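Note sheet for the following structure.
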2 protein chains.
Amino acid sequence: MSDLDDTDRRILELLATDARRPYSDIADDVDLSPPAVSDRVAKLREAGVLRRFTVDLDRARLRDGTQVLVEFAVRPGREAEVQAAVEGEDAVEHVFVTAAGDVVCSARLPVADVSAWVADAVALDAVDDYDVTAVASSSWQPTVGGVDLALACDECGNTVTSEGETATIDGDRHHFCCGSCRSQFVDRYERLDADA
Amino acid sequence: MSDLDDTDRRILELLATDARRPYSDIADDVDLSPPAVSDRVAKLREAGVLRRFTVDLDRARLRDGTQVLVEFAVRPGREAEVQAAVEGEDAVEHVFVTAAGDVVCSARLPVADVSAWVADAVALDAVDDYDVTAVASSSWQPTVGGVDLALACDECGNTVTSEGETATIDGDRHHFCCGSCRSQFVDRYERLDADA
DNA sequence: AATGAAAGGATTAAGCC
DNA sequence: GGCTTAATCCTTTCATT
């Protein structure tokens, strides 16, 4: 699969609304047969666009701790480490890494003592500072949105059209807008792999 | 249903991992029959705990605009308005309302001109200021987490035990820890309704 | 990508504790 | 009220074109 068409987009929209919707329902909507929908869904998963089928829980209705936003001022070069650390925490729901390298996460903590949790979750010498804000309410919109859905080249970020190419590395499929982006990416991977 | 037990918690966990998992699979895991699982899922949906089955998309693989975090310093009393405004925007994925009344949202914008989007999305006289941060990467964890899952009273926030009560208002089910919380909630609703 | 057959899952109803 | 079993209906998958 090299690009996403309107049908893929529609399938994702329908699944975002109800991930347990029968493929036969979706098939009716997009004028395909159920196996064709199943195929497309499998390809969307392979491509990594569709990460998983999941649930949207109303955590506010659960006694699931207090929700807080924690902003970490991360020391240069330690971003990936802090990101991985907070993503490994059960209490963490969302993680944002800003272009400046700071890490913002939302977490639900059973305790009022956020400091203790932070000290436990991340290496304190990796951050200069952190800031905690209590969250009164939050929501999430699983809509696909009005923006064009098309694959982005894993090398240069440009749109991948039907002339695009793909490569499977370590079981992950990567997409490229052209052959040169593909070889650049694959070469770099092989160099890194050889070093390791 | 008045409280969530370990089985409900496990069912939510399994569905968070894969929302299309067959109920018969889940039934095996929790030692129940498939209809029993189906019943519990239906009740979790009725209770509003399980909002919807949905998908986790890797938007970074899509040309879906640039992701930004926008923090609004909201004028006192206009929080709900700003929250509703950003939630109504297609581009917005997450919305957090802090205890201080500020609104933080993550959005994916097709344009570089975030200011124009903001001016369009919210009434500018409702905010004192806003701050935009570019996001390099983000993730979301649909795990239920290690925290006890139990219903919270919609009136006072305390844990709802099996002695709790429920009320259905406008098709939504509400849960209360005791009869007095229930009547307080229902009375308030009826007063508001009479005023309208 | 469609078709049709076979396998597998969901839901209903009846009955039990 | 919550559970189970059994029967029915629906959905998905696979082989084929």
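From a predicted model like this one, the values you see are computed outputs, not experimental measurements.
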Rounded interatomic separation in angstrom, taking CG from Asp39(B) and P from dT11(C):
10 Å
Locate the shortest heavy-atom distance separating Gly48(B) from Asp58(A); write the atom from each residue and the value.
O-CB, 3.2 Å
Can you list every pair that meets salt bridge (Lys or Arg N to Asp or Glu O under 4.0 Å) and has a residue in residues 71-81 of chain B, with sequence neighbours left out?
Arg75(B)-Asp128(B), Arg78(B)-Glu81(B), Arg78(B)-Asp125(B)
Without decimals, in angstroms, what is the distance between Ile26(B) CD1 and dG8(C) P?
19 Å
Under a 3.5 Å cutoff, is there a donor and acceptor pairing between the side chains of Ser139(A) and Gln83(B)?
no
Counting side-chain heavy atoms from C-beta on, which of dA2(C), dT5(D), dG2(D) comes nearest to Arg40(B)?
dG2(D)
Please identify each residue that fulfils ring-ring contact (aromatic ring centres under 6.0 Å, His included) with Phe185(A), with sequence neighbours left out.
His174(A), Phe176(A)
Check: protein-nucleotides 10-16 of chain D nitrogen or oxygen pairs below 3.5 Å:
unit_1, atom_1, unit_2, atom_2, d
dT12(D), OP1, Tyr23(A), N, 2.9
dT12(D), OP1, Arg20(B), NH2, 2.8
dT12(D), OP2, Tyr23(A), N, 2.8
dT12(D), OP2, Ser24(A), N, 3.1
dT13(D), OP2, Ser38(A), OG, 2.9

Does the plane of the ring in His94(B) sit parallel, tilted or perpendicular to the ring in Trp140(A)? Use 30° and 60° as the thresholds.
parallel
Taking CZ from Arg45(B) and P from dT11(C), how many angstroms apart are they, rounded to a whole number?
10 Å
How many whole angstroms separate atom CG of Asp31(B) from atom C1' of dT5(D)?
16 Å
Taking only side-chain N and O atoms of Lys43(B), does any of them lie within less than 4.0 angstrom of OP1 or OP2 on dG2(D)?
yes
Take Arg52(A) and Asp18(B), measure what salt bridge (charged side-chain N to carboxylate O under 4.0 Å, His left out) needs, and give me the verdict at the end.
CA-CA 6 Å; Arg52(A) 80 245 277 193; Asp18(B) 178 7; over 6 Å; no
